[in-house]
Trainee: 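I have a structure here, written as structure tokens, and I will follow up with some questions on it.
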2 protein chains.
Amino acid sequence: MKMSDRKKKILQIVVDEYINTAVPVSSKSIAEKHLTDVSSATVRNELASLEELGYLTQFHTSGGRVPSPQAYRFYIEELMEKGNLSEKDLDYIERAFSGKSNDVEHLVKSVSKVISELTDYTSVGIGPHADEERIKNIALLSCGDGNALLVIVTGMRILRDSFIEIPESMTDEELENASKVIAKLFEGKALSEIKEVEDEVLAEFGQYRQVMHEVIDALKSYTRPRDEDVVLSGAEKIFNHPEYDDIDNVKNFLTVISSKDKLAEIIGDDNDEIQINVKIGSCDDKEVPEDCSVVTATYSAGGKNLGTYGVIGPIRMDYHKVITVLENVGKALEGIVGSKKKETDNKDGKDKDE
Amino acid sequence: MKMSDRKKKILQIVVDEYINTAVPVSSKSIAEKHLTDVSSATVRNELASLEELGYLTQFHTSGGRVPSPQAYRFYIEELMEKGNLSEKDLDYIERAFSGKSNDVEHLVKSVSKVISELTDYTSVGIGPHADEERIKNIALLSCGDGNALLVIVTGMRILRDSFIEIPESMTDEELENASKVIAKLFEGKALSEIKEVEDEVLAEFGQYRQVMHEVIDALKSYTRPRDEDVVLSGAEKIFNHPEYDDIDNVKNFLTVISSKDKLAEIIGDDNDEIQINVKIGSCDDKEVPEDCSVVTATYSAGGKNLGTYGVIGPIRMDYHKVITVLENVGKALEGIVGSKKKETDNKDGKDKDE
DNA sequence: GTTAGCACTTATGAGGTGAGAGTGCTAACA
DNA sequence: TGTTAGCACTCTCACCTCATAAGTGCTAAC
């Protein structure tokens, strides 16, 4: 069966209406409010046929129709009317990101918060993979009790490990020297390259091979994603949506969002090439809880990955709003981080003397 | 009216029973299960009198009785039977804290997790005030783009700030020297003492006064409590308790626990001298949400504050279990951190050369 | 292809009922 | 004076019924 224009129009009305009201929509209301030139009976015929095509479902015979996941997908891809945010919202984004430092933790938190505030849904953010970050500085700081703190600074991110054990015989001065050597060795390297230079580096450290081993292990550990990189914002926002008047839904939802692992899984395996990715519960992705929808975007600026951010909420989500917010936040980030990047590059150019 | 022994006994039965079953307890069940030597009518008379004293309330005439907050308080102070944890639980605690590093973030997280797992309630932890921490090491690490990272290491805690701006004219070498001078200046000082030495320190830095200003500001900022210090564990655990089958209660609860500020307020203003502190919703503390109860303990080891930890849940809480867990975790921490402290002290002694 | 009309289905809410649980009170008893 | 049996009273809860409203599917006519 072909999708006539009228079918599309009606489907769009159903989805729009349902997103706004959360009430199953009836043929009568469509005919009265939106398609005044035909009768409810005609609409009814169209609805029946849309149902046959898999776009609509009914809870019970007399309950109006509700869009299926397939309908949402079609809506997002073809039907949704484009439009931008209000001045107020754009302003909010602008102000939120002005004067932010280049610390990745702050960035992830504030991006996540902005998205949650503007969309009125719970938002999740996960920082960029550390793999490709290049080491800017690295130091071993003595703690005076047989331990040293390993600090690693990269372009967008400060990493640190718990303490590293150092031999009792190692003096503060030796530690300092080791620190300098290590800094020289690793400066400019990406974390993903550590493995490749491992053997070479170890060879240089005859006496303090063990310390170096620990340092390398710590560095390698940062290429794995960490719980701390996952940020949640606006968990309480789900209560603003009537599907979460039901305790079981809340339970389900809360169980998922209280596990950073699960969140990371849901958000994480995005295809980087898709700018906006929509996963609808159970049908697209078995990690996404049933009855939930996840919309994510992976941001980057100046060729640098800035992490993946998104919104998690009911399938009946205001996709238009959410997608528009995600797009605009992306643009804003690109602008701000992009301009910062430029400054940095210039300075780097000046400073560099190799 | 005086509290006869029998009244106490009956009150204890009511509280115990209600904590276990969450069902209002009736005179009949008390007479049948616990006080077989008197009739339900007698119990009824006692219950009526306990109600008059303010220890019990009824939702409706035929609904059995429920303990009032006052009853819980009395129960905790006088009636509750003491007893220790099972071997299994003690083992769990033991294992959880073995091999932990002295990084405060890890500590707070794992303590909070252990408490939540063992009590089956949501747990909150807040790290120790940084005020009294003594600086062990401090460094400025160049990031190569007009910024430097300030890293501060203290005994129990690693602090770090976002980047600090440094003058363009400052070379890496100068920065390194400044870093060394700063380390010497502040080593051994408590964060709370920064203010006192501020002027003196600034005087030493003719050329790079501005950098020093930023460093001092950053240091001072750490004496204020920060959101990041508050940790939440087992939020989903509330669903294991029937009072949270009600959506409004869940909403209330979730709204509170998703704000780190609110959590800090609830947990934070403990009197340090009280080992275990119980706050019952609205009657003890207006920060604690109504219908909620918060039990906290402030831990310390070797004279060092280790933070405040606790449990938040329904007023009908298993106080005995919770308090026992908190006590045992406290003891375990004291043992472990205490022994670590000793090691550290010895080494410090060796190393010190002033 | 569209429409009016009508029978059919189902949710929802009001109203009623009986069982069950628990209490308060009273009068009798030790 | 404390304890008890007995009984009337209150309140919840589950269950049923019933009327209503909303919405559909189908059919026959346009």
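So that the names make sense, note that chain A is the first sequence line, chain B the second, and so on, each numbered from 1. What you see below is based on every heavy atom in this structure, not just the backbone, and it leaves out hydrogens, waters and symmetry mates.
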Trainee: Tell me the interatomic distance from A:Leu56, atom CG, to D:dG23, atom P, rounded to whole angstroms.
Mentor: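 Rounding to the nearest Å, CG of A:Leu56 and P of D:dG23 are 15 Å apart.
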Trainee: Both distances under 3.5 Å, Watson-Crick or G-U wobble: report the partner of C:dC29, or none.
Mentor: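 The answer is D:dG2, by the H-bond criterion.
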Trainee: Near A:Lys28 NZ, under 6.0 Å, is it more than 12 heavy atoms from other residues, nucleotides or ligands?
Mentor: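 Atom NZ in A:Lys28 is not crowded, with 12 or fewer foreign heavy atoms closer than 6.0 Å.
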Trainee: Could you state the CG-P distance from A:Asp5 to C:dG1, rounded to the nearest angstrom?
Mentor: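 Rounding to the nearest Å, CG of A:Asp5 and P of C:dG1 are 15 Å apart.
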Trainee: Take the protein atom CD of A:Glu52 and the nucleotide atom P of D:dT24, then report the distance between them rounded to whole Å.
Mentor: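 So the two atoms are 16 Å apart, to the nearest Å.
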Trainee: Is the phosphate of D:dT3, meaning OP1 or OP2, less than 4.0 Å from a side-chain N or O of B:Ser39?
Mentor: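 Negative; the distance criterion is not met.
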Trainee: Does atom CD of B:Glu77 have more than 12 heavy-atom neighbours from other groups under 6.0 Å away?
Mentor: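 Counting other residues, nucleotides and ligands, CD of B:Glu77 exceeds 12 neighbours.
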Trainee: To the nearest 0.5 Å, what is the distance between CD1 on A:Ile30 and OG1 on A:Thr42?
Mentor: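 It comes to 12.0 Å.
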Trainee: Using modelled atom types and a 3.5 Å cut-off, is there a donor and acceptor pairing between side-chain atoms of B:Tyr121 and backbone atoms of B:Asp318?
Mentor: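 Indeed, once roles are kept as given, a pair shorter than 3.5 Å links the two residues.
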Trainee: Could you encode protein contacts along nucleotides 13-30 of chain C as a string, one character per nucleotide from 5' to 3', using B for base contact, S for sugar-phosphate-only contact and - for no contact, with a heavy-atom cut-off of under 4.0 Å?
Mentor: --------BBBB------
Trainee: Rounded to the nearest Å, what distance is computed from the NZ atom of residue A:Lys7 to the C1' atom of nucleotide C:dG1?
Mentor: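 Going from NZ in A:Lys7 over to C1' in C:dG1 covers 12 Å.
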Trainee: Can you list the residues that meet the salt bridge (Lys or Arg N to Asp or Glu O under 4.0 Å) rule with A:Arg316, with sequence neighbours excluded?
Mentor: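 A:Glu243.
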Trainee: How far does CG of B:Leu85 sit from CG of B:Asn328, to the nearest 0.5 angstrom?
Mentor: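 If we round to the nearest 0.5 Å, B:Leu85:CG and B:Asn328:CG are 4.5 Å apart.
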Trainee: Who is the Watson-Crick or G-U wobble partner of C:dA7, with both distances under 3.5 Å?
Mentor: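 Result: D:dT24.
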